[in-house]
2 protein chains.
Amino acid sequence: MALMEIKEAKDKFIHTWGTLATQWGINRTMAQIHALLLLSPRSMNADEIMADLQISRGNVNMNLRDLMDWGLIYKQLLPGERKEFFIAEKDIWKVAKQIAKERRRREIGPLIEAMEDLKEGIQPDTEEKEEFLKIVNEISKVSVFADNTMTSLLKSDENWLLNNFIKVFNK
Amino acid sequence: MALMEIKEAKDKFIHTWGTLATQWGINRTMAQIHALLLLSPRSMNADEIMADLQISRGNVNMNLRDLMDWGLIYKQLLPGERKEFFIAEKDIWKVAKQIAKERRRREIGPLIEAMEDLKEGIQPDTEEKEEFLKIVNEISKVSVFADNTMTSLLKSDENWLLNNFIKVFNK
DNA sequence: TTGAATTTTCAAAATATTCTGAAAGTTTTT
DNA sequence: AAAAACTTTCAGAATATTTTGAAAATTCAA
């Protein structure tokens, strides 16, 4: 890619972040607001975000709340200001952790629950039922494992992880 | 949940799988076909899947191909049969690995590339550009780390992992 | 070859998701 | 208490994704 001006690069970043986000189940606008705040050296209010991304107030409001639910941005009340300001978590390790945490909660949690439900409802009194339960049980096991792995990774100290994890496993 | 008959349980499984899938960015029908094949003791052809899930031929065809791309099902050519039959990978560990592998490729890969692009385009000759590059670099680092972690996990022997991973990390 | 069986494609229709903007709700100032 | 400043809600509009089904392409048996 040719050399870019900073404005251009920031726009590209915001745009790219928005496009990639749809790939991983997050909506475009939410990702763009997140990107905008990540790059912003100071907190921004709803009107500024509206103007910057050319989107409606309702859209901004809704996605700011979602971003707070994800733990990716914080509300900041500035003295002397009526408006609410928002600032992104800038520590990218924390951002990654938050995303991983939230995805674990949303993606793996319901799977484990659903499999437990199915297990409880069936009595393994025929061959067919046994076969079915075998699959449900395996999915159960794998999802619990994935859940634990995620939890462990999230608990570990990130620097220690960064420095040592790869060596240990990547034989 | 009350006791269920096997048919009911299988339907619930297929339905649940389909619903959860949308949560994690896979489409409902693809997930339902996958669930159906996971539960089927024998391979199925397009007509059977159409009848079972009440969906069109085009839809079945398209999603079968996607499932093959994901490495979750295989085409099976039965002697004496003109129709193509499909069978799911039944080893749930392999299924999980395949899903993780594919998601790594689709979700992390493009992120790494995009950040590399941005890095190349900017000369860090002002404070603002340096700030920008700092964030891009950190995202780069985190995504490469995530990518490596995934790769390492995928390479490790699954049983060894299952037995030892949690103990090692979950101090 | 021919033609019947089967798979693939793709434009249009159906469905689902996201976005808008004005109205309703809330908080703060006067 | 009233008004101004600001935030939230939500029905309808816009957009995006998924699905259909018939036509085109492919495969295979005779």
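The structure displayed is predicted, hence computed values, not measured ones. Lettering of chains follows the sequences in order, A, B, ..., and the numbering in each one begins at 1.
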Requested in this report: Using atom CZ of A:Arg28 as one end and atom C1' of D:dA14 as the other, report the distance to the nearest whole Å.
Outcome: 12 Å
Requested in this report: Measure from CE on A:Met68 to P on D:dT7 and round the result to the nearest Å.
Outcome: 11 Å
Report summary line: From CG of A:Asn59 across to C1' of D:dC10 the rounded distance in Å is 13 Å
Report task. Give one of base, sugar-phosphate or nothing for A:Asn27, where a contact means two heavy atoms less than 4.0 Å apart. Result -> sugar-phosphate
**Report entry** ILVMFWY network linking B:Ile87 to A:Ile139, side-chain heavy atoms under 4.5 angstrom
**Finding:** no
Query raised in the report: Can you find a side chain N or O atom of A:Asn63 that sits less than 4.0 Å from OP1 or OP2 on C:dT18?
Result: no
Query raised in the report: Below 4.0 angstrom from OP1 or OP2 of C:dT9, is there any side-chain N or O of B:Arg65?
Result: yes
Report summary line: Atom CD of B:Gln54 and atom C1' of D:dT20 are separated, to the nearest Å, by 13 Å
Report task. Calculate the interatomic distance between A:Met30 atom CE and C:dT17 atom C1'; express it in whole Å. Result -> 15 Å
Query - Same cluster (ILVMFWY, side-chain, under 4.5 Å), A:Phe85 and A:Leu72 - result: no
Query - In one Ile/Leu/Val/Met/Phe/Trp/Tyr side-chain cluster, 4.5 Å: A:Tyr74, A:Leu64 - result: no
Report task. Figure out the CE/C1' separation between A:Met62 and C:dG21, and round it to whole Å. Result -> 15 Å
Query - Toward the 5' end of DNA chain C, by each residue's nearest nucleotide, A:Ile55 or B:Asn45 - result: B:Asn45
**Report entry** B:Asn61 vs C:dT7: side-chain N/O to OP1/OP2 distance below 4.0 Å
**Finding:** no
Query - Linked, directly or transitively: B:Phe86 and B:Met62 (ILVMFWY side chains, under 4.5 Å) - result: no
Report task. Not counting sequence neighbours, list each pair that qualifies as a salt bridge (charged side-chain N to carboxylate O under 4.0 Å, His left out) and has a residue in residues 16-38 of chain A. Result -> none
Query raised in the report: Given atom CD1 of A:Ile49 and atom C1' of C:dC19, what is their separation to the nearest angstrom?
Result: 16 Å
Query raised in the report: What integer distance in Å separates A:Met44:CE from D:dT7:P?
Result: 14 Å
Query raised in the report: Should the pair B:Trp24 and B:Trp17 be assigned to parallel (<30°), tilted (30 to 60°) or perpendicular (>60°) ring geometry?
Result: perpendicular
Query raised in the report: For DNA chain C, what residues of residues 71-85 of chain B have any heavy atom nearer than 4.0 Å?
Result: B:Arg82, B:Lys83, B:Glu84
Report summary line: Checking D:dT7, D:dA16, D:dT20 against the side chain of A:Ala46 (C-beta onward), the nearest is D:dT7
Query raised in the report: Can a side chain N or O of B:Thr29 be found less than 4.0 Å away from OP1 or OP2 on D:dT19?
Result: yes
**Report entry** For A:Leu154 against A:Lys101, the heavy-atom pair lying closest together
**Finding:** CD1-CA, 3.8 Å
Query raised in the report: Nearest nucleotide by nearest heavy atom, which residue falls closer to the 5' end of DNA chain D, A:Thr22 or A:Asp47?
Result: A:Asp47
Report summary line: Assert: residue with more 5' nearest nucleotide on DNA chain C, out of A:Ser56 and B:Gly58, is B:Gly58
